[in-house]
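What follows is one structure encoded as C-alpha cells, with my remarks underneath.
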Amino acid sequence: MSRRFVSSISRLAVIGLVGVGISGCIGEDLRHGYQVDQAALATVKPGMSAEQVLQILGTPSTVSTVGNKTWYYITQNSRRTVLFLGERVEDQKVTTIYFNAGFKVERVALYGLQDGKVFDFIERTTPTSGADRAFLGQLFRGLTKYEPFGSGSGTSIVPGARNGL
C-alpha cells in the first residue's frame, strides 16, 4: 500500500472517531417534576377529600402558602441542544387542585406555558423592571434624575430638611 493511501485512511478514522465522540454531546430532552397520569387525573372529582387526592395523584410538587387549600403538580419539559449548555423550556403544565374550607375538592385546573411566565425555582430570583433597560439608559437616567433625599415630591426622608437647598 502506498503511504498516501494509509494517510488518507488514518485521517478518515480520526474524523470518524471525533464525529462519534461529538455526536454523544448533541441534544437532550429533559423532564422535570410530576408527570401527570391523565387517567388518574380524570378520576379526581369535586367533593373528594384531600386524602383521596393523595392516594390518586400522590404528594403535590408544592402547596399554597396561605391555608394549604391549593395543591400544585408541576411538570416541565425542556430541551438542551448541546450537552452542558443551557436548556430551553418547551412545555410546562401546572395541574392545580383547589380545595374548599372543609378540604374537599372544589375544582381542578390545568395551566400551561401560555398562562404564565417561566421563572427559575432553584435560584429563587424574580426578574425586576430594571433588567429590561440597557446599561447606558440606566446610567443617563440616573444622571438626569438625581434625588439623594427622596422622590422629589416635596417631602424628604430627612427630618428638618427643606426643599430647594
Side-chain angles (χ1 to χ4, degrees), residues 12-142 144-145 147 150-153 155 157:
L12 284 174
V14 168
I15 289 172
L17 286 173
V18 169
V20 167
I22 289 177
S23 69
C25 296
I26 297 177
E28 181 179 24
D29 291 325
L30 303 166
R31 303 182 95 183
H32 303 285
Y34 180 83
Q35 301 302 316
V36 178
D37 180 13
Q38 294 299 326
L41 184 61
T43 62
V44 176
K45 302 289 181 200
M48 293 179 80
S49 69
E51 291 82 21
Q52 291 172 318
V53 174
L54 278 174
Q55 289 176 352
I56 294 170
L57 296 178
T59 305
S61 302
T62 188
V63 296
S64 63
T65 56
V66 180
N68 254 357
K69 293 187 181 172
T70 307
W71 292 357
Y72 303 98
Y73 295 88
I74 302 169
T75 302
Q76 191 176 64
N77 298 327
S78 57
R79 177 149 182 77
R80 187 179 297 168
T81 54
V82 178
L83 210 59
F84 306 116
L85 290 182
E87 57 190 71
R88 183 182 75 246
V89 175
E90 289 187 342
D91 186 31
Q92 176 172 312
K93 288 185 175 66
V94 178
T95 304
T96 308
I97 312 292
Y98 294 98
F99 293 98
N100 61 18
F103 277 103
K104 300 289 184 187
V105 174
E106 188 174 280
R107 68 184 172 104
V108 178
L110 180 66
Y111 300 105
L113 192 58
Q114 70 278 3
D115 296 320
K117 186 172 185 176
V118 176
F119 61 94
D120 189 0
F121 289 101
I122 304 300
E123 294 294 326
R124 302 201 187 281
T125 59
T126 305
T128 59
S129 63
D132 57 351
R133 295 187 185 141
F135 172 73
L136 289 177
Q138 290 179 5
L139 180 68
F140 287 124
R141 181 181 169 121
T144 59
K145 296 196 179 226
E147 299 167 356
S151 64
S153 61
T155 59
I157 60 171

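Atoms CG and CD, on N77 and Q92 in that order, are 9.5 Å from each other to the nearest 0.5 Å. Remark: Q55 CD to M48 CE distance equals 8.5 Å, nearest 0.5 Å. To the nearest 0.5 Å, atom CD1 of residue I56 and atom CG of residue L54 are 10.0 Å apart.
Judged by distance alone, the side chain of Q52 and the main-chain N or O of S49 form a donor-acceptor pair under 3.5 Å. Under a 3.5 Å cut-off, the side chain of S61 and the backbone N or O of I74 do form a donor-acceptor pair.
No side-chain heavy atom of H32 sits less than 4.5 Å from a side-chain heavy atom of T75. At least one side-chain heavy atom of L57 sits less than 4.5 Å from a side-chain heavy atom of V44. Using a 4.5 Å cut-off on side-chain heavy atoms (C-beta onward), P60 and Y73 make contact.
Among pairs with a residue in residues 33-46, those fulfilling side-chain hydrogen bond (donor to acceptor under 3.5 Å, both in side chains) read R31-Q35, at least two apart in sequence or across chains.
A search for side chain to side chain contact (heavy atoms under 4.5 Å, CB included) contacts involving L110 returns K93, T95, not counting sequence neighbours. By the salt bridge (Lys or Arg N to Asp or Glu O under 4.0 Å) test, R107 is found to be paired with no residue, residues two or more places apart in sequence or in another chain being considered. Partners of E90 under the side chain to side chain contact (heavy atoms under 4.5 Å, CB included) rule, at least two apart in sequence or in another chain, are R79, R88.
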In a table with atom names and distances, give each donor-acceptor pair under 3.5 Å that connects a side chain of residues 97-104 to protein atoms at least two apart or in another chain.
residue, atom, partner, partner atom, Å
Y98, OH, Y111, OH, 2.9
N100, OD1, G102, N, 3.1
N100, OD1, F103, N, 3.3
N100, OD1, K104, N, 3.0

Please report the C-alpha distance between V108 and W71 in whole Å, then the side-chain angles of each, then the deciding distance to 0.1 Å, and finally whether the side chain to side chain contact (heavy atoms under 4.5 Å, CB included) criterion is met.
CA-CA 10 Å; V108 178; W71 292 357; over 6 Å; no
